[in-house]
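I have placed the structure first, in the form of structure tokens, so that the comments after it can refer back to it.
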There are 2 protein chains.
Amino acid sequence: MARKKNSSADVTGPRIRSAALRLFARHGYAAVSMRQIASEVGVQAGTLYLYTPDKQSLLFDLMQNHMQDLLSELAALPDVQSPLAELQQFTRFHIRFHRARSDAVFIAYMELRNLEPKNFERIEAMRRQYEAHLEGILARGKAERLFDLPDTKLAAFALIAMLTGVNTWFREGGRLSLDAVEEIYWRMVKKAVGG
Amino acid sequence: MARKKNSSADVTGPRIRSAALRLFARHGYAAVSMRQIASEVGVQAGTLYLYTPDKQSLLFDLMQNHMQDLLSELAALPDVQSPLAELQQFTRFHIRFHRARSDAVFIAYMELRNLEPKNFERIEAMRRQYEAHLEGILARGKAERLFDLPDTKLAAFALIAMLTGVNTWFREGGRLSLDAVEEIYWRMVKKAVGG
DNA sequence: GTCTATAGCGAGATAGAC
DNA sequence: GTCTATCTCGCTATAGAC
């Protein structure tokens, strides 16, 4: 639909969210002021309140969008046949998805404590859903005796922590390409569930 | 040495650090006020400045003490013979040490961004030293062909992330004892470096 | 060693002009 | 849709009494 006017409203909202994402990741939710966000976008502080009811909602929206993206991209992965192939697909997906969104990943983990209880519960439910997906893969592999795992829940926690850890050290243009990193991590994952 | 007076100074300092540790871990450095810390200890806000020059120094002291404890306890571990035995010892030590200090661990990771550059560099140097210790174990094991690892640096990062992850879900009195958790993680670590 | 009091500042959020 | 101006609050840090 053609627009009558050159409205900046459709671009200011996303720019606010983008600036908030970056600033929250860099300095922490509590340490970032609404004025800082506004200044980054090039508007006055009051203007932010046309796009979000308050600072808390801004944080929650960022985290909710991130988790929804995560779950919907996970669901959109092509079907594969064996638990081993599923696990490889999950491993590579997790590294790639998280690497491409390091700010959002950081926030979704660090700022959980700054969510109001109701908002916290909604984010946590999505995180549990993601973990359950991996645990399902591990449980199927265990049932088929492809994997040797005394506890699939612990194994899911352990693997997710290991894979998410890539974000703490990986830098574009460093010693290894992301492809190479994926390969090395996949080898460790495969051996760890071993197999 | 016997004390002349029943001074509370020797107890107030530690209590301030202990309250700050818990509050920073729970709500984040930026979100915690000096008034909150003082109120927790049962003194007025101004009193805190007898024990710390400012809020930033308080944070840095907590992180520095934590890292120094980590390195000195690591150094105090009894000598063992093979890289595999060393790795097992490291695995169990890491889980136990970090589990017992979950607040400090959380802070040492989350609040790095709230350190002034100079303080940041000092903490980072200690963290690299710890990582280098694990990488040394892995490199020795690789040299003896006990471990099959394409990249010992990545493997060290991956293992530390995996082990530290225990802190995000483990609860005393839950389904598994810490001993059982150590055993399950050690099995996964051993297979992952495999071996 | 701890208190009360306060200086000086910056925060989140709102009102109303344009 | 954005601005300026402002309300109200809580912050870090300090001064000085006891």
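In the text below, chain A, chain B and the rest are named by the order of the sequence lines, each starting its count at 1. The shown structure was predicted, so the numbers you read here are calculated from the model rather than taken from an experiment. Computed from heavy atoms alone, side chains included, the values below leave out hydrogens, waters and symmetry copies.
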To the nearest Å, give me how far apart [atom1] ([X]) and [atom2] ([N]) are.
{"X": "A:Leu48", "N": "C:dG12", "atom1": "CG", "atom2": "C1'", "value": "11 Å"}
{"X": "A:Leu50", "N": "C:dA15", "atom1": "CG", "atom2": "P", "value": "13 Å"}
{"X": "A:Gln36", "N": "C:dA13", "atom1": "CD", "atom2": "C1'", "value": "17 Å"}
{"X": "B:His27", "N": "D:dC11", "atom1": "NE2", "atom2": "C1'", "value": "16 Å"}
{"X": "B:Met34", "N": "C:dG8", "atom1": "CE", "atom2": "P", "value": "20 Å"}
{"X": "A:Ile16", "N": "D:dG1", "atom1": "CD1", "atom2": "P", "value": "11 Å"}

Kindly indicate whether a cation-pi arrangement holds for A:Arg96 with A:Phe93, taking the cut-offs as under 6.0 Å to the six-membered ring centre and within 45° of the axis. no
Can the positive tip of B:Arg101 be found less than 6.0 Å from the middle of the six-membered ring of B:Phe97, inside 45° of the ring normal? yes
Just to confirm, is there a sub-4.0 Å distance from OP1 or OP2 of [N] to any side-chain nitrogen or oxygen of [X]?
{"X": "A:Ser33", "N": "C:dG10", "value": "no"}
{"X": "A:Tyr49", "N": "D:dC3", "value": "no"}
{"X": "A:Thr12", "N": "D:dG1", "value": "no"}
{"X": "B:Thr47", "N": "C:dG1", "value": "no"}
{"X": "B:Gln44", "N": "C:dT2", "value": "no"}

Taking N and O atoms by type only, does the side chain of A:Arg35 place a donor or acceptor under 3.5 Å from a partner on the base of C:dG12? yes
Over 60° means perpendicular and under 30° means parallel, so tell me whether A:Phe24 and A:Tyr29 are parallel, tilted or perpendicular. perpendicular
Report the relative orientation of the aromatic rings in A:His66 and A:His98; use parallel for angles under 30°, tilted for 30 to 60°, perpendicular for over 60°. perpendicular
Starting from the 5' end of DNA chain D, give me the residue, A:Gly46 or B:Lys55, whose nearest nucleotide shows up first. A:Gly46
Select base, sugar-phosphate, or nothing to describe what B:Val32 touches, counting heavy atoms under 4.0 Å on all strands. sugar-phosphate
B:Tyr130 and B:His94 side chains, donor-acceptor separation under 3.5 Å: yes
